[in-house]
A.B. asks: 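Take a look at this one; I'll ask things after.
Since this is a predicted model, take the numbers as computed values, not measurements. Both ligands and their constituent atoms are indexed starting at 1 by order of listing.
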Amino acid sequence: MENRAGYHVAVLGATGAVGREMVRTLERHAFPVASLRLLASPRSAGTLLPFSGEQLRVEAVNEHSFDGVDLALFSAGGSASRQWAPVAVNAGCVVIDNSSAFRMEPDVPLIVPEVNGADLGHHHGLIANPNCSTAQLVLALEPLKQRFGLHRVIVSTYQAVSGSGQRAIDELEHQLQAWVRGESVAPAVLPVADAAVHYPIALNVLPQIDHFLADGFTKEEEKMQNETQKILHAPRLAVSATCVRVPVVRGHSESVYVELEEPAEIPEIRDALRAFPTVVVEDDPDEQRYPYPLMCAGREETFVGRLRRDRYEERGIHFWIVSDNLLRGAASNAVAIAETWAEAVHG
Ligand code: NAP
Ligand code: 3JN
């Protein structure tokens with residue numbers, strides 16, 4: 001595309017579920033893009049994708065893809081990130097990586113701008129975007145931490161299939177169409193594409209996201225624990241997660257139990273959440289109001305509802321969070337990091 005004022009930007013994984021949203025989000029946010037390079041594997045080289053009224057051709061990533069690029073948004077999986085992030089950084093590019101490859105490295109800031117944007121002050125060219133389930137959780141936890149302190153967190157997720165990529169979206173659609181026809185199709189993607197065994201997701205719920213670890217938790221559950229502790233600067237905060245895949249296309253939901261350091265009344269908690277940027281409280285039992293995934297798809301905010309005190313533990317509260325996993329959890333968080341970075345560097 002022609003050069004305009006702004007940054008030379010690349011998106012690696014541009015043809016994926018997240019990458020396509022990154023391109024749309026750059027346009028929707030009017031991020032100052034001087035030129036945009038769309039990168040993927042050789043499989044999709046030549047594909048045309050729209051950006052700002054033009055059709056841009058996807059290129060296969062190579063050793064020269066990042067020459068002259070200021071900023072690269074990566075969303076092509078951990079192994080592509082491990083291969084290409086050093087190449088991009090050596091070429092002088094700042095990389096915002098959406099994979100788990102570098103998130104827990106001490107010298108790589110892991111950022112949700114509203115929560116810990118200040119951590120962007122120290123990076124070596126590589127900035128990490130958290131897991132989608134973590135991003136929406138920390139947005140609800142940070143205002144509670146600031147006002148009341150956090151003692152422990154127990155979270156159960158209800159994660160949309162789009163979190164597992166375009167093939168998982170296609171798999172749900174094919175299974176639903178087959179069910180309507182009274183047929184069945186063999187599952188091949190979920191719960192984990194490279195596992196030996198697959199289970200149906202249509203009209204089903206799978207209590208497994210990513211591979212199992214030795215103690216029975218999954219890697220997704222461990223990511224939620226570790227990343228939440230890092231972003232909140234709370235390395236000893238007890239965070240226990242159960243991550244579940246549900247037959248929803250877009251929008252992750254979370255049922256959260258939090259023990260606060262100090263007891264608090266529900267109206268105070270609502271006020272603290274409402275005052276926090278990008279958090280929307282949608283909570284009125286009298287009017288049967290609470291957030292759900294179809295309400296949140298395409299929105300960048302994080303929605304909180306079903307707020308209530310625990311009946312046994314004075315400092316315990318329960319609530320429900322919903323957010324668009326492809327936006328807040330991935331593309332718009334990455335673009336928000338880019339905006340924070342651009343503001344810090346060039347004002
Ligand atoms: P997807 O729909 O399967 O798309 C994968 C993208 O990566 C495609 O553009 C694909 O290109 C590209 N790609 C794959 N291997 C590549 C390689 N070796 N070299 C260059 N490009 C390659 O997956 P997705 O849902 O968009 O997710 C992509 C990655 O983003 C995930 O693996 C994960 O690391 C990260 N992610 C993070 C979150 C989060 O929670 N923040 C959520 C979802 C995903 P082709 O079209 O050429 O195959
Ligand atoms: O399954 C979800 O809802 C979120 C998935 C995220 C994901 C998928 C494949 C690889 C990740 C991630 O962001 O943690 C990764 C990864 O990079 O490890």
A.B. asks: Taking atom types as modelled and ignoring hydrogens, do the side chains of Thr25 and Arg28 form a donor-acceptor contact shorter than 3.5 angstrom?
C.D. replies: yes
A.B. asks: Of all the atoms in ligand 1, which lie at a distance below 4.0 Å from a heavy atom belonging to Arg43?
C.D. replies: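 Listed by number with element: 14 (C), 15 (N), 47 (O), 48 (O).
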A.B. asks: Would you mind checking which non-hydrogen protein atom is closest to atom 39 (C) of ligand 1, with the distance to 0.1 Å?
C.D. replies: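 Residue, atom and distance for the closest contact: Cys132 N, 3.4 Å.
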A.B. asks: Can we say Glu27 and Arg24 salt-bridge, meaning some charged N sits less than 4.0 Å from an Asp/Glu carboxylate O?
C.D. replies: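 No, no charged N to carboxylate O under 4.0 Å.
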A.B. asks: Write out the residue and atom name of the closest protein heavy atom to atom 10 (C) of ligand 1, then the distance separating them to 0.1 Å.
C.D. replies: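 Result: Thr15 OG1, 3.9 Å.
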A.B. asks: When you compare ligand 2 with Arg103, is there at least one nitrogen or oxygen pair between them that comes in under 3.5 angstrom?
C.D. replies: yes
A.B. asks: Taking non-hydrogen atoms only, is Val61 closer than 4.0 angstrom to ligand 1 via side chain, backbone, both or neither?
C.D. replies: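 It is the side chain that touches ligand 1; the backbone stays farther off.
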A.B. asks: What part of Pro130, side chain from CB on, backbone N/CA/C/O, both or neither, has a heavy atom under 4.0 Å from ligand 1?
C.D. replies: backbone
A.B. asks: Which bit of Met224 gets closer than 4.0 Å to ligand 2, counting heavy atoms only: side chain, backbone, both or neither?
C.D. replies: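 For Met224, there is no contact with ligand 2 at all, from either part.
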A.B. asks: Step by step, work out the salt bridge (Lys or Arg N to Asp or Glu O under 4.0 Å) result for Glu21 and Arg250.
C.D. replies: CA-CA 12 Å; Glu21 288 299 340; Arg250 203 164 165 147; 3.0 Å; yes
A.B. asks: Pairing donors with acceptors under 3.5 angstrom, does anything connect the side chains of Glu173 and Gln177?
C.D. replies: no
A.B. asks: State the atoms of ligand 2, each with its element, that fall below the 4.0 Å cut-off from a heavy-atom position in Ile209.
C.D. replies: 1 (O)
A.B. asks: Ignoring angles and geometry beyond distance, decide whether Ser41 reaches within less than 3.5 Å of ligand 1 through its nitrogen or oxygen atoms.
C.D. replies: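 So ligand 1 has an N or O lying under 3.5 Å from an N or O of Ser41.
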A.B. asks: Looking only at protein heavy atoms, identify the closest one to atom 23 (O) of ligand 1 and say how far it is in Å.
C.D. replies: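 Nearest protein contact, heavy atoms only, for atom 23 (O) of ligand 1 is Gly165 CA, 3.9 Å.
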A.B. asks: Minimum heavy-atom separation for Pro191 and Gln208, please, with both atom names.
C.D. replies: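 The answer is CG-OE1, 3.3 Å.
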A.B. asks: Does an N or O from Gly329, backbone or side chain, lie closer than 3.5 Å to an N or O of ligand 1?
C.D. replies: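 In this structure, Gly329 places an N or O atom under 3.5 Å from an N or O of ligand 1.
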A.B. asks: Answer yes or no: is there an ion pair linking Arg328 with Glu114, defined by an N-O contact shorter than 4.0 Å?
C.D. replies: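 Yes, charged N to carboxylate O under 4.0 Å.
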A.B. asks: To which protein heavy atom is atom 29 (C) of ligand 1 closest, and what is the distance rounded to 0.1 Å?
C.D. replies: Gly77 N, 3.5 Å
A.B. asks: Is the contact between Cys132 and ligand 2 made by the side chain, the backbone, both, or neither, using heavy atoms and a 4.0 Å cut-off?
C.D. replies: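 Contact part for Cys132 vs ligand 2: side chain (C-beta onward).
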A.B. asks: Do you see a donor-acceptor pair shorter than 3.5 Å between the side chains of Ser255 and Arg306?
C.D. replies: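 There is no such pair between these side chains.
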A.B. asks: Regarding His318 and Asp310, do their side chains bring together a donor and an acceptor under 3.5 Å, going by distance alone?
C.D. replies: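 Side chains of His318 and Asp310: pair found under 3.5 Å.
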A.B. asks: Using a distance-only test with no angle check, is there a side-chain donor-acceptor pair under 3.5 angstrom linking Asp107 and His123?
C.D. replies: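 No donor-acceptor contact under 3.5 Å links the two side chains.
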A.B. asks: Below the 3.5 angstrom mark, is there an N/O of Val18, backbone or side chain, next to an N/O of ligand 1?
C.D. replies: yes
A.B. asks: Within the 4.0 Å heavy-atom shell around Lys223, which atoms of ligand 2 are there?
C.D. replies: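 Heavy-atom distances to Lys223 below 4.0 Å select 11 (C), 12 (C), 14 (O), 15 (C), 16 (C), 18 (O).
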A.B. asks: Among all protein heavy atoms, pick the one closest to atom 18 (O) of ligand 2 and tell me residue, atom and distance.
C.D. replies: Ser100 OG, 2.5 Å
A.B. asks: Testing the 3.5 Å rule here: is there a donor-acceptor pair between the side chains of Glu314 and Tyr312?
C.D. replies: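 Tyr312 and Glu314 do not have a side-chain donor-acceptor pair below 3.5 Å.
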A.B. asks: Short N/O distance, under 3.5 Å, between Ser99 and ligand 2?
C.D. replies: no
A.B. asks: Which bit of Arg245 gets closer than 4.0 Å to ligand 2, counting heavy atoms only: side chain, backbone, both or neither?
C.D. replies: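 For Arg245, only side-chain atoms sit under 4.0 Å from ligand 2.
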A.B. asks: Salt-bridge test for Glu282 and Arg289: reply yes if a basic N is under 4.0 Å from a carboxylate O, no otherwise.
C.D. replies: yes
A.B. asks: Would Phe31 and Tyr7 satisfy ring pair (Phe, Tyr, Trp, His ring centres under 6.0 Å), going step by step from the backbone distance to the final call?
C.D. replies: CA-CA 9 Å; Phe31 186 81; Tyr7 300 96; 5.7 Å; yes
A.B. asks: Check the side chains of His29 and Glu339 for a donor-acceptor pair under 3.5 angstrom, ignoring hydrogens and angles.
C.D. replies: yes
A.B. asks: Please check if any side-chain donor atom of Asn131 sits under 3.5 Å from a side-chain acceptor atom of Ser100, or the reverse.
C.D. replies: no
A.B. asks: Check whether the side chains of Gln159 and Ser133 place a donor and an acceptor atom closer than 3.5 Å, and report yes or no.
C.D. replies: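 Short answer, yes.
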A.B. asks: Only heavy atoms of Glu220, strictly under 4.0 Å: list the atoms of ligand 2 that pass.
C.D. replies: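 The list of qualifying atoms is 2 (C), 4 (C).
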A.B. asks: Just let me know how Asn129 lines up against ligand 1, side chain, backbone, both or neither, with a heavy-atom cut-off below 4.0 Å.
C.D. replies: side chain
A.B. asks: Counting from 1, what ligand 1 atoms have a heavy atom of Ser44 closer than 4.0 Å?
C.D. replies: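 That gives atoms 45 (P), 46 (O), 47 (O) of ligand 1.
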A.B. asks: Is Gln166 in polar range of ligand 1, meaning some N or O pair under 3.5 Å apart?
C.D. replies: yes
A.B. asks: For atom 30 (O) of ligand 1, which protein heavy atom lies nearest, and how many Å away is it?
C.D. replies: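 For atom 30 (O) of ligand 1, the nearest protein heavy atom comes out as Ser75 OG, 3.0 Å.
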A.B. asks: Can you tell me which residue and heavy atom of the protein come closest to atom 4 (O) of ligand 1, and the distance to 0.1 Å?
C.D. replies: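 Result: Gly16 CA, 3.1 Å.
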A.B. asks: For atom 36 (N) of ligand 1, which protein heavy atom lies nearest, and how many Å away is it?
C.D. replies: Asn98 ND2, 3.6 Å
A.B. asks: Pull out every atom of ligand 1 sitting under 4.0 Å from any heavy atom of Gly163, numbered as shown with elements.
C.D. replies: 43 (C)
A.B. asks: Can you check whether a protein heavy atom sits less than 4.0 angstrom from atom 16 (C) of ligand 2?
C.D. replies: yes
A.B. asks: Yes or no on salt bridge (Lys or Arg N to Asp or Glu O under 4.0 Å) for Asp97 and Arg103, after CA distance, side-chain angles and deciding distance?
C.D. replies: CA-CA 8 Å; Asp97 182 37; Arg103 285 178 192 150; over 6 Å; no
A.B. asks: Distance only, no hydrogens: is a donor on one side chain within 3.5 Å (strictly under) of an acceptor on the other, for Asp119 and His233?
C.D. replies: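 There is such a pair (donor and acceptor under 3.5 Å, judged by atom type) between the side chains of Asp119 and His233.
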A.B. asks: Using heavy-atom distances only, which candidate in Ala76, Ala40, Ser164 approaches atom 13 (N) of ligand 1 most closely?
C.D. replies: Ala76
A.B. asks: Can you report which non-hydrogen protein atom sits closest to atom 18 (N) of ligand 1, along with the distance?
C.D. replies: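 The answer is Ala80 CB, 4.2 Å.
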A.B. asks: Is there a protein heavy atom less than 4.0 Å away from atom 4 (C) of ligand 2?
C.D. replies: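 Yes, at least one protein heavy atom sits under 4.0 Å from atom 4 (C) of ligand 2.
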A.B. asks: Taking 4.0 angstrom as the limit and counting only heavy atoms of Asn98, give me the atoms of ligand 2 inside it, by number and element.
C.D. replies: 13 (O)
A.B. asks: I'd like the name of whichever of Ser164, Gly163, Ser133 reaches closest to atom 8 (C) of ligand 2 through any heavy atom.
C.D. replies: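 The residue whose heavy atom sits nearest atom 8 (C) of ligand 2 is Gly163.
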A.B. asks: Answer yes when Glu265 and Arg309 have at least one side-chain N-carboxylate O distance shorter than 4.0 Å, and no when they do not.
C.D. replies: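 Judged by the 4.0 Å cut-off on N to carboxylate O distance, Glu265 and Arg309 do form a salt bridge.
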A.B. asks: Which of the atoms of ligand 1 are close to Ser99, meaning less than 4.0 Å from one of its heavy atoms?
C.D. replies: 34 (O)
A.B. asks: Could Arg167 and Asp170 be called an ion pair, given the rule that one side-chain N must be under 4.0 Å from one carboxylate O?
C.D. replies: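 No, no charged N to carboxylate O under 4.0 Å.
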A.B. asks: Quick one: look at Asn325 and ligand 2, take heavy-atom pairs under 4.0 Å, and tell me if it's side chain, backbone, both or neither.
C.D. replies: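 Near ligand 2, Asn325 shows nothing, with every heavy atom at 4.0 Å or more.
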